[in-house]
Amino acid sequence: MGEDASLSDDEYVVRTVMQTNSRAEDAYIFSSGMNMGCFKGVGYPEEIGEYFMLDQLYSAYAWTAHGRFPTNTQAWWGGAHPFSLLDTSVVHNGEISSYGTNRWYLEMYGYACTLQTDTEVIAYAADLLLRRQRIPMEIVAKILAPPIWNAIDTMNEKEKKLFTTLRMVYGPLLMNGPFAIIIGQTGRLIGLTDRIRLRPITAATRGEMFYLSSEEASIRLISPELDSVWTPSGGEPVICELNSRRV
C-alpha cells in the first residue's frame, strides 16, 4: 500500500493494467486513458463505430482506426488494432521481426506483453520513451528506426556520438522488419515508417485537418480535396501538434 501511494496516477494505472492483463483469467484492459477511448470488436471500423455509437456519445479532435486483426498470431478481437495505454494509441501495418528482443527489454521495465501481437510492444515502447523517460519524438524515432552503422560512420562527430549512444543504450528497442506506425496522443498525431520504407505511409492536409494513412486513396475517401500530400522519409517521423500543446 505504501509503494502504491508513492506512484503517480499514470504509473498506478499502467501497473494495474499490466497486472490485470497478465493475471486475470479471460479479462483484459485495453482502454485506460483519461482523455482517450479505445474501441475493439469483430467487424469493420464503421461497424465498430456504430456498435459503440461513437457519433452520438463521443466527440474528439483526433481519431485512429485500423481494419484488421493481427495476421501472424492468433486472430481474436483483443488483438485487433488500435492498442492503447493511457493517452497513447497505436495502429501499425507490417511485422516486427524483433518482437522477442523488444518484449524482453520492455519486461525489464514492468510491461507485460500478453495480447499476442507485435503491435503491443510498439504501444508500450512509446509509453516508456515518451511518457516515462520524456524523450522527444524526434529522438524516439531514431531509437525505433535508427540509421544503419554505415550511415552513422559518415556523420559528423556530434551526430555520430548521439546515434552511437542511442544504439548502445536502446539497442533492444530497435524494431526490425517492415512497418508503418501511427501514434495518437493527447494533442498530437505521429507517423513513422521503417528506415527503408518497406511499408508505405502518406500524410496530407486540408485546412486545419491533418491526415495519416497507408495510402492516399483512403485519405481522399474522407477528404476528396486536399491542400497538400506527401510521403514521409523512412525513419523520419511526421508530427502534427495542436497549437495548445506547443504552448
Side-chain angles (χ1 to χ4, degrees), residues 3 7-8 10-25 27-30 32 38 66 69-76 78-137 139-149 152 162-183 185 190 192-196 198-199 234-235 237:
E3 181 184 0
L7 298 175
S8 67
D10 284 348
E11 197 60 33
Y12 179 83
V13 171
V14 168
R15 292 196 184 191
T16 300
V17 170
M18 297 304 147
Q19 291 174 3
T20 302
N21 289 1
S22 58
R23 299 178 186 177
E25 185 175 354
Y28 298 90
I29 298 173
F30 57 81
S32 56
C38 180
H66 202 289
F69 285 174
T71 56
N72 58 348
T73 55
Q74 176 182 345
W76 70 297
H81 300 227
F83 282 85
S84 73
L85 188 64
L86 297 175
D87 75 333
T88 296
S89 170
V90 173
V91 291
H92 156 235
N93 178 29
E95 181 177 352
I96 305 299
S97 58
S98 55
Y99 169 79
T101 300
N102 303 149
R103 175 176 177 172
W104 164 79
Y105 184 88
L106 291 166
E107 286 174 344
M108 294 194 305
Y109 289 88
Y111 296 93
C113 300
T114 57
L115 299 180
Q116 305 172 34
T117 175
D118 52 2
T119 312
E120 185 181 22
V121 304
I122 303 173
Y124 297 165
D127 181 72
L128 172 65
L129 298 173
L130 294 170
R131 178 185 65 86
R132 289 176 61 177
Q133 299 187 355
R134 300 188 179 186
I135 300 175
M137 185 59 214
I139 300 299
V140 171
K142 300 307 180 185
I143 293 172
L144 303 182
I148 60 176
W149 284 113
I152 294 175
L162 170 62
F163 287 110
T164 300
T165 301
L166 292 177
R167 288 293 296 264
M168 292 174 64
V169 176
Y170 293 105
L173 275 187
L174 181 157
M175 295 191 176
N176 281 320
F179 63 80
I181 301 167
I182 296 176
I183 302 173
Q185 289 190 316
I190 303 157
L192 178 68
T193 64
D194 62 88
R195 57 197 174 195
I196 56 176
L198 293 173
R199 287 294 183 272

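Just so it is clear, the structure is predicted and the values come from calculations on it, not from any experiment. Note that the numbering runs from 1 along the sequence shown for the chain.
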Would a 4.5 Å heavy-atom cut-off, applied to side chains only, mark [X] and [Y] as touching?
X	Y	answer
Thr119	Ile96	no
Leu144	Leu129	yes
Asn93	Phe179	no
Leu86	Val14	yes
Tyr124	Cys113	yes
Pro146	Phe163	no

Report the distance from atom [atom1] of [X] to atom [atom2] of [Y], rounding to the nearest 0.5 Å.
X	Y	atom1	atom2	answer
Phe30	Leu115	CZ	CG	10.0 Å
Leu128	Leu173	CG	CG	6.5 Å
Leu106	Tyr99	CG	OH	9.5 Å
Met137	Ile183	CE	CD1	4.5 Å

Point to revise | Step-by-step side-chain contact (heavy atoms from CB on, under 4.5 Å) determination, Leu85 to Ser32 | key: CA-CA 6 Å; Leu85 188 64; Ser32 56; 3.9 Å; yes
Check your understanding: Going by distance alone, is a donor N or O of one side chain under 3.5 Å from an acceptor N or O of the other, for Tyr170 and Gln133?
Key ->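 There is such a pair (donor and acceptor under 3.5 Å, judged by atom type) between the side chains of Tyr170 and Gln133.
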Check your understanding: Are Tyr111 and Glu107 linked by a side-chain donor-acceptor pair shorter than 3.5 Å?
Key ->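 Not at all, the side chains of Tyr111 and Glu107 share no donor-acceptor pair under 3.5 Å.
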Review point. Looking at residues at least two apart in the chain, or sitting in another chain, which of them share a salt bridge (charged side-chain N to carboxylate O under 4.0 Å, His left out) with Arg132?
Key: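 For Arg132, the residues satisfying salt bridge (charged side-chain N to carboxylate O under 4.0 Å, His left out) (neighbours in sequence not counted) are Glu11.
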Check your understanding: Has Met108 got more than 12 heavy atoms of other residues, nucleotides or ligands less than 6.0 Å from its CE?
Key ->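 Correct, the count exceeds 12.
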Practice item. Anything under 30° is parallel, anything over 60° is perpendicular, the rest tilted; go ahead and classify Phe83 against His81. Key: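 Answer is perpendicular, since the angle exceeds 60°.
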